[in-house]
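A short worksheet on the structure shown next.
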Amino acid sequence: MSWLESVTGYRAAAAGWELTDASGAVVATLTIDGNPDAIPTAAEFYTQPPVITAAMRETLRQPASVPPEFTPATSDVLVGRWVPVFPSGTSDPHVFFAADGSWAGSDGCNGGQGRWAADGHGALLATAGASTLIACEGAPVPSWVAQARLTSVDDGVLRLLDAAGAELGQLKRG
(Lines give C-alpha, C1' and ligand atoms only; values in the text may rest on other atoms or scores of the structure.)
Protein backbone atom coordinates (compact mmCIF):
# COMPACT_ATOMS: atom_id res chain seq x y z
CA MET A 1 0.00 0.00 0.00
CA SER A 2 2.51 2.61 -1.10
CA TRP A 3 -0.32 5.09 -1.72
CA LEU A 4 -1.13 5.04 2.00
CA GLU A 5 2.50 5.69 2.93
CA SER A 6 2.43 8.83 0.76
CA VAL A 7 -0.50 10.41 2.65
CA THR A 8 0.55 13.52 4.58
CA GLY A 9 -2.70 15.47 4.77
CA TYR A 10 -6.47 15.32 4.53
CA ARG A 11 -9.45 17.55 3.85
CA ALA A 12 -13.23 17.29 3.82
CA ALA A 13 -14.81 16.53 0.45
CA ALA A 14 -18.43 16.42 -0.67
CA ALA A 15 -18.57 12.62 -0.55
CA GLY A 16 -16.29 12.05 2.46
CA TRP A 17 -12.59 12.81 2.91
CA GLU A 18 -9.68 13.32 0.52
CA LEU A 19 -6.25 12.04 1.55
CA THR A 20 -3.45 14.14 0.06
CA ASP A 21 0.28 13.79 -0.47
CA ALA A 22 2.98 16.37 0.35
CA SER A 23 2.25 18.30 -2.86
CA GLY A 24 -1.48 18.51 -2.07
CA ALA A 25 -2.48 16.00 -4.76
CA VAL A 26 -5.39 13.71 -3.88
CA VAL A 27 -4.09 10.18 -3.24
CA ALA A 28 -7.39 8.59 -2.19
CA THR A 29 -10.97 9.49 -1.34
CA LEU A 30 -12.72 7.88 1.60
CA THR A 31 -16.47 7.36 1.24
CA ILE A 32 -19.14 5.11 2.73
CA ASP A 33 -19.91 2.55 0.06
CA GLY A 34 -21.79 -0.28 1.75
CA ASN A 35 -20.85 -3.51 3.47
CA PRO A 36 -17.60 -5.38 2.82
CA ASP A 37 -17.75 -8.88 1.34
CA ALA A 38 -18.01 -11.62 3.94
CA ILE A 39 -14.91 -13.69 4.70
CA PRO A 40 -15.83 -17.32 5.44
CA THR A 41 -13.57 -17.52 8.50
CA ALA A 42 -14.67 -14.20 10.05
CA ALA A 43 -17.70 -13.48 12.22
CA GLU A 44 -20.57 -12.03 10.20
CA PHE A 45 -20.90 -8.93 12.42
CA TYR A 46 -17.66 -7.69 10.84
CA THR A 47 -19.59 -7.23 7.57
CA GLN A 48 -22.12 -4.88 9.15
CA PRO A 49 -21.58 -1.13 9.19
CA PRO A 50 -20.96 0.33 12.65
CA VAL A 51 -23.80 1.90 14.56
CA ILE A 52 -23.07 5.61 14.67
CA THR A 53 -23.89 6.94 18.13
CA ALA A 54 -23.88 10.51 19.40
CA ALA A 55 -20.69 9.76 21.33
CA MET A 56 -19.01 8.43 18.17
CA ARG A 57 -20.11 11.50 16.19
CA GLU A 58 -18.58 13.72 18.88
CA THR A 59 -15.31 11.79 18.72
CA LEU A 60 -15.16 12.01 14.93
CA ARG A 61 -16.42 15.55 14.43
CA GLN A 62 -14.29 18.16 12.74
CA PRO A 63 -12.15 19.78 15.43
CA ALA A 64 -12.61 23.35 16.58
CA SER A 65 -10.07 25.84 15.32
CA VAL A 66 -6.81 26.32 17.17
CA PRO A 67 -7.45 28.97 19.84
CA PRO A 68 -6.56 32.43 18.45
CA GLU A 69 -3.79 32.97 21.00
CA PHE A 70 -1.89 29.94 19.60
CA THR A 71 0.01 29.50 16.33
CA PRO A 72 -1.22 26.45 14.34
CA ALA A 73 1.50 23.85 13.82
CA THR A 74 2.42 22.74 10.30
CA SER A 75 3.75 19.36 9.21
CA ASP A 76 7.27 20.78 8.81
CA VAL A 77 7.26 22.10 12.36
CA LEU A 78 5.96 18.83 13.84
CA VAL A 79 8.70 16.64 12.32
CA GLY A 80 11.28 15.65 14.92
CA ARG A 81 11.58 14.44 18.50
CA TRP A 82 9.49 15.97 21.28
CA VAL A 83 9.56 15.42 25.06
CA PRO A 84 7.24 16.66 27.83
CA VAL A 85 7.81 20.22 29.00
CA PHE A 86 7.11 19.05 32.54
CA PRO A 87 8.91 15.68 32.87
CA SER A 88 8.02 13.31 35.68
CA GLY A 89 10.05 10.39 36.97
CA THR A 90 13.24 9.09 35.44
CA SER A 91 11.77 7.46 32.33
CA ASP A 92 12.02 8.79 28.76
CA PRO A 93 8.55 9.79 27.52
CA HIS A 94 8.75 11.17 23.99
CA VAL A 95 7.32 11.17 20.48
CA PHE A 96 9.09 11.30 17.13
CA PHE A 97 7.05 12.59 14.19
CA ALA A 98 8.76 11.38 10.99
CA ALA A 99 8.52 13.24 7.69
CA ASP A 100 7.06 10.09 6.06
CA GLY A 101 3.88 10.43 8.17
CA SER A 102 4.74 7.83 10.79
CA TRP A 103 5.19 8.48 14.50
CA ALA A 104 6.67 6.47 17.35
CA GLY A 105 6.90 7.28 21.01
CA SER A 106 6.78 6.12 24.58
CA ASP A 107 5.30 7.07 27.92
CA GLY A 108 8.61 5.93 29.39
CA CYS A 109 7.69 2.24 29.60
CA ASN A 110 5.18 1.46 26.85
CA GLY A 111 5.79 2.07 23.18
CA GLY A 112 3.28 3.54 20.77
CA GLN A 113 3.28 4.15 17.06
CA GLY A 114 1.04 5.02 14.17
CA ARG A 115 0.53 7.38 11.28
CA TRP A 116 -0.14 11.11 11.31
CA ALA A 117 -1.21 13.86 8.95
CA ALA A 118 -1.61 17.59 9.51
CA ASP A 119 -3.63 20.04 7.42
CA GLY A 120 -1.31 23.04 7.85
CA HIS A 121 -3.90 24.95 9.91
CA GLY A 122 -3.36 23.12 13.19
CA ALA A 123 -5.62 20.09 12.61
CA LEU A 124 -3.99 16.71 13.28
CA LEU A 125 -5.17 13.22 12.39
CA ALA A 126 -3.22 10.46 14.13
CA THR A 127 -3.71 6.72 14.33
CA ALA A 128 -2.29 4.47 17.02
CA GLY A 129 -1.76 0.74 17.32
CA ALA A 130 -1.83 -1.55 20.31
CA SER A 131 0.42 -0.89 23.30
CA THR A 132 1.49 -2.68 26.44
CA LEU A 133 0.19 -1.42 29.78
CA ILE A 134 3.24 -1.35 32.04
CA ALA A 135 2.86 1.21 34.82
CA CYS A 136 5.65 3.74 35.19
CA GLU A 137 6.41 7.35 36.13
CA GLY A 138 6.19 8.86 32.69
CA ALA A 139 3.89 11.13 30.75
CA PRO A 140 1.24 9.52 28.52
CA VAL A 141 2.72 11.01 25.34
CA PRO A 142 1.46 8.30 22.91
CA SER A 143 -2.03 8.71 24.36
CA TRP A 144 -1.81 12.49 23.89
CA VAL A 145 -0.84 11.98 20.23
CA ALA A 146 -3.64 9.48 19.60
CA GLN A 147 -6.26 11.78 21.16
CA ALA A 148 -4.95 15.05 19.70
CA ARG A 149 -6.96 16.71 16.94
CA LEU A 150 -5.26 20.13 17.03
CA THR A 151 -1.66 21.30 17.43
CA SER A 152 0.07 24.60 18.00
CA VAL A 153 3.70 25.61 18.47
CA ASP A 154 4.60 28.82 20.28
CA ASP A 155 7.98 29.72 21.77
CA GLY A 156 9.21 26.16 21.10
CA VAL A 157 6.30 24.53 22.96
CA LEU A 158 4.11 22.04 21.08
CA ARG A 159 0.61 21.91 22.50
CA LEU A 160 -1.52 18.86 21.74
CA LEU A 161 -5.22 19.70 21.98
CA ASP A 162 -8.37 17.57 21.74
CA ALA A 163 -11.20 18.30 19.27
CA ALA A 164 -12.74 20.88 21.61
CA GLY A 165 -9.41 22.71 22.03
CA ALA A 166 -8.66 21.41 25.55
CA GLU A 167 -4.96 20.85 26.19
CA LEU A 168 -3.78 17.24 26.48
CA GLY A 169 -0.08 17.96 26.96
CA GLN A 170 2.89 20.22 26.22
CA LEU A 171 6.09 19.07 24.54
CA LYS A 172 9.43 20.66 23.64
CA ARG A 173 12.20 19.57 21.30
CA GLY A 174 14.29 16.81 22.76
Side-chain angles (χ1 to χ4, degrees), residues 1-33 50 52-86 93-107 112-131 139-174:
M1 285 202 246
S2 62
W3 68 269
L4 185 57
E5 297 293 324
S6 71
V7 173
T8 60
Y10 66 99
R11 61 182 171 240
W17 294 92
E18 293 177 339
L19 304 181
T20 58
D21 65 14
S23 71
V26 175
V27 176
T29 302
L30 304 177
T31 61
I32 298 174
D33 63 358
I52 306 298
T53 64
M56 185 181 291
R57 284 188 193 285
E58 180 61 21
T59 301
L60 299 174
R61 76 176 168 84
Q62 192 72 359
S65 296
V66 172
E69 65 270 22
F70 298 146
T71 304
T74 63
S75 296
D76 292 340
V77 170
L78 290 173
V79 171
R81 190 174 196 274
W82 297 87
V83 298
V85 168
F86 307 107
H94 66 277
V95 63
F96 182 82
F97 291 103
D100 69 359
S102 63
W103 71 268
S106 173
D107 63 4
Q113 63 184 16
R115 305 281 306 160
W116 69 277
D119 74 350
H121 303 287
L124 176 73
L125 177 62
T127 63
S131 177
V141 177
S143 177
W144 292 345
V145 172
Q147 294 174 47
R149 300 290 304 281
L150 297 166
T151 58
S152 72
V153 176
D154 291 287
D155 298 323
V157 174
L158 168 61
R159 286 179 175 85
L160 298 174
L161 311 168
D162 68 14
E167 188 172 280
L168 299 165
Q170 293 184 10
L171 303 166
K172 62 183 178 183
R173 294 279 179 193

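For the numbers below, each heavy atom of this structure counts, side chains included, while hydrogens, waters and symmetry mates do not.
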Non-hydrogen atoms of Leu150 and Ser65 that approach each other most closely
CD1-O, 3.9 Å
Please report the shortest heavy-atom distance between Leu161 and Glu167, naming the atom on each side.
CD2-CA, 3.5 Å
Heavy-atom check, side chain of Arg81 versus side chain of Leu171, under 4.5 Å
no
Taking atom types as modelled, find out whether Asp76 and Thr74 have a side-chain donor-acceptor pair closer than 3.5 angstrom.
no
Can you check side-chain contact (heavy atoms from CB on, under 4.5 Å) on Ile52 and Arg57, steps first, answer last?
CA-CA 7 Å; Ile52 306 298; Arg57 284 188 193 285; 3.5 Å; yes
N/O donor-acceptor pair under 3.5 Å between Trp103 side chain and Thr127 backbone:
yes
So CD of Gln170 and CG of Leu158: to nearest 0.5 Å the spacing works out to 9.0 Å
State whether the side chain of Trp17 and the backbone N or O of Leu30 hold a donor-acceptor pair below 3.5 Å, judged by distance alone.
no
Below 4.5 Å, heavy atoms only, C-beta onward: do Arg149 and Asp162 meet side chain to side chain?
no
If you compare all heavy atoms of Glu18 against all heavy atoms of Thr29, which two are closest, and at what distance to 0.1 Å?
CG-OG1, 4.2 Å
Do the non-hydrogen side-chain atoms of Trp82 and Val141 ever get within less than 4.5 Å of each other?
no
For Asp100 and Arg115 the tightest heavy-atom approach is O-NH2, 2.9 Å
Can you check whether Trp116 reaches Ser75 side chain to side chain, under 4.5 Å on heavy atoms?
yes
Are the side chains of Arg159 and Asp154 in touch, meaning some heavy atoms are under 4.5 Å apart?
yes
Can you tell if the side chain of Asp21 reaches within under 4.5 Å of the side chain of Val7, non-hydrogen atoms only?
no
In the structure I gave you, are the side-chain heavy atoms of Leu124 and Leu78 within less than 4.5 Å of one another anywhere?
yes
Minimum heavy-atom separation for Leu125 to Tyr10, with atom names?
CB-CE2, 3.3 Å
Could you tell me which non-hydrogen atom of Pro140 sits nearest to which non-hydrogen atom of Asp107, and how far apart they are?
CA-CB, 4.0 Å
